[in-house]
Amino acid sequence: MKRISILLAMLLVGVQAQAQNSFGADCKEITYIGRTQKTKGTVRADWSGSLAIVRFQGRFLEMEYANSGVTWLNIWVDREPDARADAVVQLAAEGTLELTRFKRAGEHTVYVQKRTEGENGCLTFRAFLTDGTLLQARPWKERVMEIIGDSYTCGYGVEAPGRDSPAIPEEENCNLSYSGILGRYFGADVVRISHSGRGIARNYADGDPEQTMPVRYLRTFDEKPAPAWVPDYRPDIVVIYLGTNDFSVGKQPSLGAWCRGYQTLLEEIRAFYGEEVPILCVASNADALLGDYVKEAALHCGLSGVYWAAISKGAHNEGSDLGAAWHPNYQGMRKVAACMAPYIATLTGWDLPAIPLQ
């Protein structure tokens with residue numbers, strides 16, 4: 001009897017092993033939103049908000065991965081991403097993560113979003129495992145927004161309890177930043193090219209002066225200079241929300257240096273997408289002079305289809321609307337998104353929905 005039990009157990013293990021099918025992360029059935037690199041079955045991404053969409057027929061779905069740094073994920077199952085994820089996970093250096101499991105086999109879709117930015121870690125999708133098979137995931141939405149920004153776009157400290165809280169990776173969430181809110185409001189996919197502390201001509205407190213956003217914008221990876229990015233999507237609009245760090249610690253660049261940096265970024269965008277894509281240049285309320293700087297850069301760039309807007313001090317308060325390190329929390333981000341929404345609707349021709357920004 002003991003020998004029969006051992007043989008039966010071995011057979012069961014063999015059946016389970018056969019039932020687990022592995023699919024390389026670069027399978028055509030998987031859709032990735034954002035800048036990624038596909039290499040020998042794997043897909044790598046480090047920009048904030050990078051999204052994988054996996055549709056499968058089966059009982060469970062697992063993800064094999066490698067990760068550098070401190071990467072956190074948002075996960076949704078069988079529904080489009082909204083303001084609250086079904087699960088929030090911190091990744092180890094490498095491993096296999098169970099994304100979802102059901103008692104019975106069925107058709108399901110899982111969304112995996114990198115909620116932390118590149119300086120916190122690069123994520124490598126190695127494979128997806130299921131007892132069934134992969135199905136074709138939805139393609140990119142008809143509406144696509146590209147947003148170039150800094151910590152505000154990354155959702156730095158957005159989940160922190162107050163403005164004096166320290167910023168920690170687990171409380172950073174790009175999905176709750178104005179960028180995620182606007183994407184949901186307009187029913188658009190969002191590509192974020194954003195990094196905390198970066199500016200147009202000057203970074204926070206003059207740090208890393210050769211690594212401003214016009215330099216990083218050309219990259220596939222936020223944290224690596226190569227390979228250069230070759231566009232494989234075309235957005236309906238590009239929003240630039242930079243300048244807070246240029247005006248940090250009581251300083252600002254000269255207007256000439258600012259306009260030169262902004263011109264470089266605008267020309268890079270035009271080289272990628274052509275003249276038909278509108279560009280909205282937005283000034284935060286970090287400094288009263290910032291709106292004038294953004295206006296000058298937009299009006300004197302010599303390019304068509306470039307527009308500007310400024311968010312004033314009255315857009316959100318400096319108490320209950322703030323998260324860590326005086327950055328807007330979710331409530332503050334909703335107010336920032338509300339300031340931008342009419343401009344985006346006008347420039348794209350999209351309707352302004354009579355629904356909450358959330």
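Any value given below was found using the heavy atoms of this structure, including those in side chains, with hydrogens, waters and symmetry copies removed. Along the sequence shown, the residues carry numbers beginning at 1.
Counting non-hydrogen atoms of other residues, nucleotides and ligands closer than 6.0 Å to CG of D232 gives a total above 12.
Atom CG in D46 sits 10.0 Å away from atom OG1 in T116 (nearest 0.5 Å). Here the CE-CG distance, from M333 to N173, works out to 10.0 Å after rounding to the nearest 0.5 Å. Here NE2 of H195 is found 12.0 Å from CG of L242. Values are rounded to the nearest 0.5 Å. To the nearest 0.5 Å, atom CG of residue D246 and atom CG of residue N203 are 7.5 Å apart. Rounding to the nearest 0.5 angstrom, the gap separating the CD1 atom in I269 from the CD atom in E275 is 13.5 Å. Note: N120 CG to Y156 OH = 9.5 Å, rounded to the nearest 0.5 Å.
Annotation: side chain of F186 is in contact with side chain of P353 (closest heavy-atom distance under 4.5 Å). Taking 4.5 Å as the limit, every side-chain heavy atom of F125 sits out of range of all side-chain heavy atoms of E64. Residues E62 and F128 have side chains not in contact (no heavy-atom distance under 4.5 Å, counting atoms from C-beta outward). Within the 4.5 Å cutoff, side-chain heavy atoms of E172 are placed close to those of C154. The shortest side-chain heavy-atom distance between K103 and R59 does not fall under the 4.5 Å cut-off. A 4.5 Å side-chain heavy-atom check between R143 and D189 finds every atom pair outside the cut-off. At least one side-chain heavy atom of V89 sits under 4.5 Å from a side-chain heavy atom of L97. Under the 4.5 Å side-chain criterion, counting only non-hydrogen atoms from C-beta, W76 is not in contact with V112.
Look at D321 and R163 and you find no salt bridge, because none of the NZ, NE, NH1 or NH2 atoms lies under 4.0 Å from a carboxylate O. Ion pairing of K141 with E80 is present here, as a side-chain N (NZ or NE/NH1/NH2) and a carboxylate O approach within less than 4.0 Å. Taking the charged nitrogens against the carboxylate oxygens, R219 and D222 have no contact shorter than 4.0 Å, which rules out a salt bridge. Salt bridge present: E223 and R216 bring a charged side-chain N and a carboxylate O closer than 4.0 Å.
A chain of hydrophobic side-chain contacts below 4.5 Å, direct or via other Ile, Leu, Val, Met, Phe, Trp or Tyr residues, connects V294 to I240. Residues Y343 and V336 are members of one and the same hydrophobic cluster, defined by side-chain heavy-atom contacts under 4.5 angstrom among Ile, Leu, Val, Met, Phe, Trp and Tyr. No single ILVMFWY cluster, assembled from side-chain heavy atoms under 4.5 Å apart, contains both V190 and V238. By the criterion of side-chain heavy atoms lying less than 4.5 angstrom apart, applied directly or through intervening Ile, Leu, Val, Met, Phe, Trp or Tyr residues, I181 is grouped together with L176 in one hydrophobic cluster. V239 and V306 fall into different hydrophobic clusters, where Ile, Leu, Val, Met, Phe, Trp and Tyr are joined by side-chain heavy atoms under 4.5 Å apart, directly or via other members.
Using a distance-only test at 3.5 Å, with no hydrogens or angles considered, a donor-acceptor pair links the side chain of W140 to the main chain of Y32. The main-chain N or O of L73 is never found under 3.5 Å from a side-chain atom of K114 such that the two would form a donor-acceptor pair. Within the 3.5 Å criterion, the main-chain N or O of P253 finds a donor-acceptor partner in the side chain of Y293. For the pair R198 (side chain) and T212 (backbone), a donor-acceptor distance under 3.5 Å is absent. Of the possible polar contacts, one joining the S177 side chain to the T153 backbone as a donor-acceptor pair under 3.5 Å is found. A donor-acceptor pair under 3.5 Å is absent between the side-chain atoms of D131 and the main chain of G58, judged by distance alone. Put simply, the side chain of R184 never gets that close to the backbone of S179: no donor and acceptor are under 3.5 Å apart. Side-chain N or O atoms of T346 include one that pairs as donor or acceptor with a backbone N or O of P342 at under 3.5 Å. For the pair N21 (side chain) and G132 (backbone), a donor-acceptor distance under 3.5 Å is present. Using modelled atom types, one side-chain atom of T220 and one backbone atom of P227 make a donor-acceptor pair closer than 3.5 Å.
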* From CA spacing to verdict: side chain to side chain contact (heavy atoms under 4.5 Å, CB included), I53, I30 -> CA-CA 6 Å; I53 309 172; I30 304 169; 5.9 Å; no
* Output, in order, the C-alpha distance, side-chain angles, deciding distance and verdict of side chain to side chain contact (heavy atoms under 4.5 Å, CB included) for Q263 and H300. => CA-CA 9 Å; Q263 184 80 25; H300 297 99; over 6 Å; no
* With side chain to side chain contact (heavy atoms under 4.5 Å, CB included) as the test, would you mind laying out the steps for W47 and R192 before giving the verdict? => CA-CA 7 Å; W47 290 106; R192 299 166 183 84; 6.0 Å; no
* Asked: Going through the checks in order, is the salt bridge (Lys or Arg N to Asp or Glu O under 4.0 Å) test met by R55 and E107?
  -> CA-CA 7 Å; R55 182 167 161 254; E107 182 180 313; 2.9 Å; yes
* To do: Decide yes or no on side chain to side chain contact (heavy atoms under 4.5 Å, CB included) for I147 and S194, but give the supporting numbers first.
  => CA-CA 8 Å; I147 300 181; S194 57; over 6 Å; no
* Asked: Between N175 and R115, does a side-chain hydrogen bond (donor to acceptor under 3.5 Å, both in side chains) hold up when you go through it step by step?
  -> CA-CA 7 Å; N175 187 56; R115 66 183 252 155; over 6 Å; no
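Here the shortest heavy-atom pairing between V215 and E210 reads CG2-O, 3.6 Å. Contact detail for S151 and H327: the closest heavy-atom pair is OG-NE2, 2.7 Å. When all heavy atoms are compared, the tightest approach of A337 to L357 is CB-CD2, 4.0 Å. Between A92 and N67 the shortest heavy-atom distance is O-ND2, 3.1 Å. Between A286 and K313, the closest heavy-atom pair is O-NZ, 4.2 Å. Between C27 and F23, the shortest heavy-atom distance links the atoms SG-CB, 3.7 Å.
Using the six-membered ring where Trp is involved, Y273 and Y233 have ring planes that are tilted, between 30° and 60° apart.
Hydrophobic cluster membership of V88, counting Ile, Leu, Val, Met, Phe, Trp and Tyr whose side-chain heavy atoms lie under 4.5 Å apart directly or via other members: V70, W72.
The only member of I193, D150, N245 that meets side chain to side chain contact (heavy atoms under 4.5 Å, CB included) when paired with M213 is I193.
For Y178 and Y241, the ring centers are positioned less than 6.0 Å apart.
Taking the ring axis of Y330 as reference, the NZ or CZ atom of R84 stays within 45° of it and closer than 6.0 Å to the ring centre. Annotation: cation-pi pair R44/F221 present, NZ/CZ under 6.0 Å from the ring centroid and within 45° of its normal. Y65 does not carry R126 over the face of its six-membered ring by the limits of under 6.0 Å from the centre and within 45° of the normal.
One side chain, E146 or Y217, offers a donor N or O that lies under 3.5 Å from an acceptor on the other. For the 3.5 Å distance criterion, the side chains of Q20 and T130 fail to qualify, holding no donor opposite an acceptor. Judged purely by distance below 3.5 Å, without hydrogens or angles, the side chains of S284 and T244 pair a donor atom with an acceptor atom. Defined by atom type and a distance below 3.5 Å, a donor-acceptor pair is present between the side-chain atoms of R202 and S248.
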